[in-house]
Amino acid sequence: MIAPVASAVAGILDRLGVPRAAWTGGTLAVRSPVTGETIAHCVEQDAAAVGAAIGRAHAAFLAWRDVPAPRRGEFVRLLGEELRAAKADLGRLVSLEVGKIASEGLGEVQEMIDICDFAVGLSRQLYGLTIATERAEHRMMETWHPLGVVGVISAFNFPVAVWSWNAALAFVCGDSVVWKPSEKTPLTALAVQAIVARAAQRFGGVPEGLLEVAIGGRAVGEALVEDARAPLVSATGSTAMGRAVAPRIAARFGRAILELGGNNAGIVCPSADLDLALRGVAFSAMGTAGQRCTTLRRLFVHDSVYDALVPRLAKVYASAKVGDPLADGVLIGPLIDAQAFANMTRALEEARAMGGRVHGGERRAMAGAEAAFYAAPALVELPRHEGPVLRETFAPILYVLRYRDLGEAIALHNAVGAGLSSCIFTNDLREAELFLSARGSDCGVANVNIGPSGAEIGGAFGGEKETGGGREAGTDSWKAYMRRATNTINFGRTLPLAQGVKFDVEG
């Protein structure tokens with residue numbers, strides 16, 4: 001039997017220093033997917049309150065931009081220390097508010113720590129180039145400056161990690177942040193706000209408003225998206241959300257980082273190590289109950305190894321333990337809510353109607369969690385690449401199809417709107433290189449002999465096509481949070497013009 005979690009959540013929030021007034025007596029009911037019970041009532045902001053928060057963040061930016069970048073890095077280093085100290089509590093809160101198994105909840109906080117470490121080093125590497133100039137006694141260079149207020153709109157499935165990818169870099173780049181968390185997971189955001197406040201107290205001199213948290217629904221997000229004082233908005237969510245957000249940001253000539261849908265696929269080739277493929281597929285398809293943007297949703301298996309792999313995969317699906325995400329041995333926790341289960345059920349019904357063979361997918365009853373939505377992961381053998389396989393269903397459904405020619409498999413792999421993450425399992429060098437080439441995967445992430453899920457912060461994360469085209473973390477992602485100026489300095493006594501232009505005047 002799964003025990004009620006409200007008291008555990010309250011204890012964590014108290015230990016992390018979240019004011020009770022922020023999560024009691026408000027109008028936003030917060031429900032834990034672990035039991036289905038209501039665990040808090042958060043205070044929501046309206047559009048006027050969001051505008052005031054952006055105003056405070058803008059004032060903070062005007063002060064923070066003058067702090068040297070390595071000093072800003074020191075603040076982020078302290079934030080990393082505070083996250084290490086709070087890891088157990090924050091990781092457990094992620095599990096209770098989202099439904100992730102314990103290792104995934106802790107792993108999300110570790111990702112926050114890792115991006116802080118990354119950003120600290122970056123604070124001394126905000127490099128600009130010196131550029132060769134055609135004019136004698138001139139020097140040309142580029143300079144990078146802080147951008148301003150960064151709006152962050154995050155989704156429920158990674159309630160704190162996605163914020164950290166943006167915020168850690170924004171802070172070292174000299175920006176302030178206004179964060180609109182998912183209305184399904186506001187408690188983790190309030191907890192992070194308290195942790196940031198402790199780091200700020202230790203640092204001393206952090207301007208008030210450097211991090212503002214705006215709790216609420218669509219109206220809060222719209223107010224942030226439409227405010228010209230936020231020159232950059234990083235939004236994570238569905239493709240439909242991106243279609244609504246992008247034109248509004250563009251209308252005011254703002255910048256957007258969009259992390260949207262991901263109908264991710266994998267290919268299993270004849271030469272693949274099937275034991276390796278089995279493990280890679282299992283985590284990528286079932287982890288986080290299929291509620292990752294990088295979840296493996298489509299699997300193309302070569303006809304010659306299909307009968308050797310798919311029955312084994314079906315056994316793994318049948319044996320994977322579903323239940324209380326904090327219990328030992330559980331691999332799959334609950335879906336976030338009733339709508340998620342309804343979407344899963346509808347997709348499976350559509351797959352059956354087109355002749356698909358469905359393994360699993362039924363709702364699992366859990367004593368003490370009758371209002372929660374636990375589901376067995378579904379493995380669906382499909383006769384053709386159409387119907388529900390063409391769209392992302394945010395649930396643990398893996399569609400499996402046979403193929404005979406790798407070119408055909410790659411074409412089907414690319415024949416969906418999203419272009420986030422992808423993988424191939426092969427020991428053939430030619431197959432691997434073809435998949436990674438311009439004629440291969442059209443996704444922002446392409447892997448060989450690992451699944452599409454589980455990105456590291458050292459590499460740029462994001463996708464193409466309907467995934468939005470944005471990138472977070474990795475290599476040069478910091479440039480999105482700054483503005484670039486090209487500077488030319490004349491240290492001579494003449495004024496040569498570029499391209500040989502002559503414009504002589506007498507004075």
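For the pair Asp337 and Lys184, the salt-bridge criterion is met [side-chain N within less than 4.0 Å of a carboxylate O]. Salt bridge absent: Glu350 and Arg352 never bring a charged side-chain N and a carboxylate O closer than 4.0 Å. Ion pairing between a basic and an acidic side chain is recognised when a charged N comes within 4.0 Å of a carboxylate O; Glu183 and Arg218 show no such pairing.
Of the listed residues (Asn427, Thr426, Asp428), just one forms a side-chain hydrogen bond (donor to acceptor under 3.5 Å, both in side chains) with Ser271, and that residue is Thr426.
In this structure, the side chain of Lys87 does not engage the main chain of Gln110 through any donor-acceptor pair within 3.5 Å. Ser422 places no side-chain N or O within donor-acceptor distance of the main-chain N or O of Ser441, the cut-off being under 3.5 Å. Side-chain N or O atoms of Asp324 include none that pairs as donor or acceptor with a backbone N or O of Ile2 at under 3.5 Å.
A cation-pi arrangement is present between Arg363 and Phe373 under the rule of less than 6.0 angstrom and at most 45 degrees off the ring axis.
Sparse packing is recorded around CZ of Arg439, with 12 or fewer heavy atoms of other residues, nucleotides or ligands lying under 6.0 Å away. Counting heavy atoms of neighbouring residues, nucleotides and ligands inside a 6.0 Å radius, atom CZ of Arg471 exceeds 12 of them. When the shell of 6.0 Å around CZ of Arg357 is examined, it contains 12 or fewer heavy atoms from other residues, nucleotides or ligands. Shown here is Glu456, whose CD atom has no more than 12 heavy atoms of other residues, nucleotides or ligands within 6.0 Å. Surrounding CG of Asp328 are at most 12 heavy atoms belonging to other residues, nucleotides or ligands under 6.0 Å away. Heavy-atom contacts from other residues, nucleotides or ligands closer than 6.0 Å to CZ of Arg252 number more than 12.
By the side-chain contact (heavy atoms from CB on, under 4.5 Å) test, Ser284 pairs with Leu296, Pro452, Ser453, sequence neighbours left out.
At a threshold of 4.5 Å between non-hydrogen side-chain atoms, the residues Val9 and Ser32 do not count as touching. Between Val310 and Glu381, some side-chain heavy-atom pair lies under the 4.5 Å cut-off. Side chains of Phe394 and Arg297 form a contact here, defined as non-hydrogen atoms less than 4.5 Å apart. No side-chain heavy atom of Gln45 sits under 4.5 Å from any side-chain heavy atom of Lys180.
A donor-acceptor pair shorter than 3.5 Å cannot be found between the side chains of Glu111 and Ser164.
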Evaluate the side chain to side chain contact (heavy atoms under 4.5 Å, CB included) criterion for residues Val416 and Arg298: first the C-alpha distance (whole Å), next the side-chain angles of each, then the deciding distance (0.1 Å), finally the verdict.
-> CA-CA 11 Å; Val416 294; Arg298 299 175 296 137; 3.4 Å; yes
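The aromatic rings of Phe300 and His385 sit tilted, their planes meeting at an angle between 30° and 60°.
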